[in-house]
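Reading through the structure tokens given below for one structure.
Whatever order the structure lists them in is the order used to number ligands and atoms, beginning at 1. We use all heavy atoms of the structure for the numbers below, so side chains are in, but hydrogens, waters and symmetry mates are not.
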Amino acid sequence: MEKNISVGLLGLGTVGSGVIQLIENHQEELVHQLGCGVNVKSVLVRNLEKARQVQVDPTYLTTNPEDVLNDPEIDVIIEVMGGIEDTRKHILNAFEEKKHVVTANKDLMAVHGPELQNAASKHGCDLFYEASVAGGIPILRGLADGLVSDRIQKVMGIVNGTTNYILTKMDDEGVSYEDALKEAQELGFAEADPTADVEGLDAARKMAILARLAFSTSVDLDDVEVSGISNLALEDLQYGRKLGLTMKLIGFADFQDNQVEVSVQPTFLSQEHPLSAVKNEYNAVYVNGEAVGETMFYGPGAGSLPTATAVMSDVVAVIKNKLLGVNGKRFVTPRFEKVLKTPDQRFGQYYFRLHVQDQVGAFTMISSLFNNLNISFERILQAPIKQGKQNGLAEVIVVTHETTLDRCHQVLEKLKNVEVVKELKSYYRIEGAVEQ
Ligand code: NAP
Ligand code: HSE
């Protein structure tokens, strides 16, 4: 049998504890796969006195990163401490020391992924980051290996568990946004500060990582158009239901004619769309490839053991590469120069909710505005406004056929100048057919 491989951990929180548990409890599986064991040699933490979720020999714990990064017996660094700047430096130091790195850090990989990949490659090291997107779902390996011969055209993801939990509770049980967020925090899905979850930034980081890998182009975090769910109204979810639509925070990445678009936004999905059935904190990534057609990867997007499973899949990949002598040999240069789609190249259906003066001719004015921009209606419905009826207002929902984002922006501008339109309450993108 080969000599055991020693790993060092940066971090021993939720994910780090799961990694220790897997290494201890699944050692036989690792030995069977690798022909050698894996042992933890050293662990960086902030606080040596803190009670831990797993038992670790106290002599392994350190608050000095160099004890882990410079230990000549350690082959693989597992970065599960989070943060960006310190972590980036630690990882670059690890490569200088010819150590391979496995990370779960989406914040870091979204911002510095290409730089770190190049540094790894330069030093003949591996850098793997399966756990950074969608926790326990092996989506990165699915794209990089399983679908490697295909041309991926579209990736749509529910990649944030907190927002999916909130939307499920609001939609299925009529729970308020605030109460649903509080529950998600109590259950531990949300980040310590949940702003990045609810404002879509966490999902945007994951979509930047996914889009780079799926389309082999250098998407930056700034290229991802982001809006979150913090201003969503229950009324929109209720109207959506009437139209056979379910609201989800969707990461959308599309690649056509070598041009890319990536966004994260609350989106209405047709109830036939496979992503509409993904509930609570679960994640799913829907991938459309030219050859494979539609596929969907589903599972837990966070949590100690699911995320540790993804981390350990990377550790096993590094060790297998080491046994074969092929570390650092992955192609890291993007194949396509990045060209972002312009708004007139981005297509979608839209839902608008308007408060309109309830008077003869109001519908005609609104429809001629849409007609003049060549946007046709798929559905239009009017509902009374409970407390506003006495003000002579009605609520109008317009669902368009497919149009461009550019035309959608023009309609939004023009609606401001239509006298009968008192307020644009909301507008959302729609994916999939609307029920007739
Ligand atoms: P966590 O529970 O907060 O644990 C962080 C660990 O890192 C703690 O052990 C902490 O030490 C240590 N640490 C943090 N900053 C440090 C510093 N400057 N110096 C030394 N030690 C430091 O975090 P987590 O939930 O395990 O997440 C870890 C990473 O995995 C993050 O990048 C996160 O985005 C990613 N991730 C998490 C999940 C999940 O379900 N939690 C899922 C996917 C990806 P102390 O314990 O002493 O404070
Ligand atoms: N806060 C994140 C989520 C954790 O809700 O999905 C996993 O990245």
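Ranking the protein heavy atoms by distance from atom 4 (C) of ligand 2 puts Glu191 OE2, 3.4 Å first. Protein heavy atom closest to atom 40 (O) of ligand 1, with residue, atom name and distance, is Gly303 N, 2.7 Å. Counting protein heavy atoms only, atom 12 (C) of ligand 1 is closest to Gly11 CA, 3.8 Å. At the shortest separation from atom 45 (P) of ligand 1 among protein heavy atoms lies Lys50 NZ, 3.4 Å. The nearest heavy-atom contact from the protein to atom 35 (C) of ligand 1 is Ala104 O, 3.2 Å. Among protein heavy atoms, atom 23 (O) of ligand 1 sits closest to Thr14 N, 4.5 Å. What sits closest to atom 37 (C) of ligand 1 on the protein, heavy atoms only, is Val15 CG2, 3.5 Å. Protein heavy atom at the shortest distance from atom 42 (C) of ligand 1 is Thr307 OG1, 3.4 Å. With respect to atom 5 (O) of ligand 2, the closest heavy atom belonging to the protein is Thr162 OG1, 2.6 Å. Protein heavy atom in closest approach to atom 46 (O) of ligand 1: Arg52 NH1, 2.6 Å.
Close approach of ligand 2 to Asp197 (heavy-atom distance below 4.0 Å) involves ligand atoms 1 (N), 2 (C), 3 (C), 5 (O). Numbered from 1 in the order shown, with element, the atoms of ligand 1 that lie under 4.0 Å from a heavy atom of Met81 read 5 (C), 7 (O), 13 (N), 14 (C), 16 (C), 17 (C), 18 (N). Counting the atoms of ligand 1 from 1 in the order shown, those under 4.0 Å from a heavy atom of Ala131 are 43 (C), 44 (C). Remark: ligand 1 atoms within the under-4.0 Å shell around heavy atoms of Leu12 are 6 (C), 8 (C), 9 (O). Near Leu44, meaning under 4.0 Å from one of its heavy atoms, ligand 1 places the atoms 20 (C). Taking every non-hydrogen atom of Lys106 and a distance limit under 4.0 Å, the qualifying atoms of ligand 1 come out as 34 (O). Near Asn47, meaning under 4.0 Å from any of its heavy atoms, are these atoms of ligand 1: 47 (O). The ligand atoms of ligand 2 that sit less than 4.0 angstrom from a heavy atom of Gly301 are 7 (C).
Salt bridge annotation for Asp223-Lys341: absent, with no cationic side-chain nitrogen under 4.0 angstrom from a carboxylate oxygen. By the 4.0 Å N-to-carboxylate-O rule, Asp197 lies too far from Lys106 to be salt-bridged with it. Under a 4.0 Å N-O distance rule, the pair Lys425/Glu395 does not qualify as a salt bridge.
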Using the rule given for salt bridge (charged side-chain N to carboxylate O under 4.0 Å, His left out), can you reason through Lys182 versus Glu186, listing the C-alpha separation, both sets of side-chain angles and the distance that settles it, and then say yes or no? CA-CA 6 Å; Lys182 200 157 158 270; Glu186 282 161 8; 3.7 Å; yes
Please report the C-alpha distance between Asp57 and Lys41 in whole Å, then the side-chain angles of each, then the deciding distance to 0.1 Å, and finally whether the salt bridge (charged side-chain N to carboxylate O under 4.0 Å, His left out) criterion is met. CA-CA 10 Å; Asp57 182 337; Lys41 176 87 194 317; over 6 Å; no
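In terms of polar-atom proximity, defined here as any N/O pair under 3.5 Å, Gly301 makes no such contact with ligand 1. Note: an N/O pair closer than 3.5 Å links Gly161 and ligand 2 by distance alone. Considering backbone and side-chain N/O of Ala302, none are found under 3.5 Å from N/O of ligand 1. Considering backbone and side-chain N/O of Phe189, one or more are found under 3.5 Å from N/O of ligand 2. Of the N or O atoms in Gly13, one or more lie within a sub-3.5 Å distance of an N or O in ligand 1. The shortest N or O to N or O distance between Asp107 and ligand 1 is not below 3.5 Å. Taking any N or O of Lys106, backbone or side chain, at least one lies under 3.5 Å from an N or O belonging to ligand 2. Looking at ligand 1, you won't find any N or O of Glu79 less than 3.5 Å from one of its N or O atoms.
Using a non-hydrogen distance threshold of 4.0 Å, Gly135 does not register as a contact of ligand 2. Ligand 2 has Lys206 within reach: a non-hydrogen atom of the residue lies less than 4.0 Å from it.
For the side-chain hydrogen bond (donor to acceptor under 3.5 Å, both in side chains) with Gln349, the lone residue among His401, Glu402, Glu378 that qualifies is Glu378.
Using a 4.5 Å heavy-atom cutoff, the side chains of Gln117 and Arg212 are not in contact. Two residues are said to be in side-chain contact when any heavy atoms from C-beta on lie closer than 4.5 Å; Leu210 and Leu140 meet this criterion. Using a 4.5 Å heavy-atom threshold, the side chains of Val398 and Tyr427 count as separate. Contact annotation: the side chain of Leu201 never approaches that of Thr195 to less than 4.5 Å [non-hydrogen atoms, C-beta and beyond].
In this structure, atom 2 (O) of ligand 1 is in close contact with the protein, since a protein heavy atom lies within 4.0 Å of it.
Heavy atoms of Ala192 found under 4.0 angstrom from ligand 1: none, in either backbone or side chain. Residue-level proximity to ligand 1 for Met109 is absent, since no heavy atom of it falls below 4.0 angstrom.
Between Asp236 and Ser426, the side chains place a donor N or O and an acceptor N or O closer than 3.5 Å (distance only, hydrogens not considered). Residues Thr103 and Glu79 have side chains that bring a donor and an acceptor to within less than 3.5 angstrom of each other. Neither side chain, Gln265 nor Tyr428, offers a donor N or O lying under 3.5 Å from an acceptor on the other. Side chain to side chain, Thr342 and Asp344 meet the donor-acceptor criterion of an N or O pair below 3.5 Å. Side-chain contact annotation: Gln33 with Lys320, donor-acceptor N/O pair under 3.5 Å present.
Outside the 6.0 Å centre-distance limit, the rings of Phe215 and Phe336 are not counted as a close aromatic pair.
Annotation: cation-pi pair Arg429/Phe252 present, NZ/CZ under 6.0 Å from the ring centroid and within 45° of its normal. The side-chain tip of Arg141 points at the ring of Phe128 from less than 6.0 angstrom away and within 45° of straight on.
Checking Arg205, Arg46, His90 against atom 10 (C) of ligand 1, the nearest heavy atom belongs to Arg46.
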